[in-house]
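Data first, discussion second: the structure below is written as structure tokens.
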Amino acid sequence: MTQPQERSVYQANSETLQVLQQARDQAYTTCKQQVNQTVRVQLLNGMSYEGVIVNVDPYNVYLRVNPYTPNTRFFYGPNDLILTLSLYVLLVITLLA
């Protein structure tokens with residue numbers, strides 16, 4: 001049986017890759033500094049969420065949100081509703097008092 005041939009249909013150029021990695025690293029550092037803080041997060045697609053940053057890893061930030069936030073997909077933890085957001089899609093993080 002022969003293997004199907006692969007054909008790339010998109011490949012980011014090196015400059016784009018560098019900019020994306022720098023943005024992710026900056027978002028990661030910022031989110032780490034704001035763990036346990038109440039924030040508003042705005043995404044590239046215009047959606048925004050308010051909640052508490054409960055964790056961050058090199059690719060995602062985990063936001064405890066109000067369970068009544070509409071149109072949201074959640075990971076259900078023991079007592080919390082946690083929204084997982086990719087660091088690549090963060091546009092603005094606002095610290096709420």
Side-chain angles (χ1 to χ4, degrees):
M1 182 149 109
T2 62
Q3 295 290 330
Q5 287 189 324
E6 293 182 10
R7 181 174 63 98
S8 293
V9 294
Y10 171 78
Q11 182 173 350
N13 65 43
S14 59
E15 293 83 14
T16 300
L17 180 60
Q18 184 177 10
V19 168
L20 287 172
Q21 288 173 334
Q22 288 173 346
R24 183 203 58 206
D25 292 345
Q26 184 178 6
Y28 174 67
T29 300
T30 300
C31 288
K32 278 186 68 150
Q33 295 169 349
Q34 303 307 322
V35 170
N36 296 319
Q37 298 295 317
T38 301
V39 297
R40 179 182 306 117
V41 177
Q42 184 178 352
L43 309 182
L44 290 172
N45 66 3
M47 297 291 291
S48 63
Y49 303 95
E50 290 183 10
V52 176
I53 296 177
V54 294
N55 196 10
V56 62
D57 64 36
Y59 301 99
N60 300 296
V61 59
Y62 302 91
L63 192 67
R64 181 185 315 120
V65 296
N66 182 326
Y68 302 105
T69 303
N71 301 320
T72 306
R73 296 180 186 154
F74 295 104
F75 166 77
Y76 291 88
N79 297 311
D80 299 320
L81 297 176
I82 306 296
L83 181 60
T84 302
L85 300 171
S86 170
L87 293 177
Y88 288 107
V89 299
L90 300 184
L91 181 60
V92 178
I93 300 170
T94 304
L95 188 61
L96 301 177

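As a basis for the values below, the full set of heavy atoms in this structure was taken, side chains included, without hydrogen atoms, waters or symmetry mates. These numbers come from a predicted model, not from an experiment.
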Between the CD1 atom in I53 and the NZ atom in K32, the distance rounded to the nearest 0.5 Å is 12.5 Å
| said: Contact between S48 and T94 at the side-chain level, heavy atoms closer than 4.5 Å - yes or no? | reply: no
The reported gap from OG1 in T29 to CZ in R24 (rounded to nearest 0.5 angstrom) is 10.0 Å
* Asked: Does the side chain of V41 come within less than 4.5 Å of V61's, by heavy atoms?
  -> no
To the nearest 0.5 Å, atom CD of Q42 lies from atom CG of L90 at 10.5 Å
Are more than 12 heavy atoms, taken from residues, nucleotides or ligands other than Q11, located less than 6.0 Å from that residue's CD atom? no
Note to self: Same cluster or not: L95 versus V35, using hydrophobic residues (I, L, V, M, F, W, Y) connected whenever any side-chain heavy atoms lie under 4.5 Å apart?
What the structure shows: yes
Between the CG atom in L17 and the CD atom in Q22, the distance rounded to the nearest 0.5 Å is 10.0 Å
The residue among N55, V65, V54, L63 that forms side chain to side chain contact (heavy atoms under 4.5 Å, CB included) with I82 is V54
For S14, the side-chain hydrogen bond (donor to acceptor under 3.5 Å, both in side chains) test, sequence neighbours excluded, returns none
Distance col, row L96:CG vs Q37:CD, nearest 0.5 angstrom, shows 10.0 Å
Scanning both residues in full, the closest heavy-atom pair of N13 with T16 reads OD1-N, 2.7 Å
When every non-hydrogen atom of V56 is compared with those of C31, the smallest separation belongs to CG2-CB, 3.8 Å
Q.
Taking OH in Y88 as the centre, count heavy atoms belonging to other residues, nucleotides or ligands within less than 6.0 Å. Is the count above 12?
A. yes
Is it true that, when you exclude Q18 itself, more than 12 heavy atoms of the residues, nucleotides or ligands shown sit nearer than 6.0 Å to its CD?
no
Note: with side-chain heavy atoms under 4.5 Å as the link, the other cluster members for V92 come out as L44, L91
Does the side chain of L81 come within less than 4.5 Å of L83's, by heavy atoms?
-> no
Here the gap from L85 atom CG to Y62 atom OH, rounded to the nearest 0.5 Å, amounts to 10.0 Å
CD (Q21) with more than 12 external heavy atoms under 6.0 Å: yes
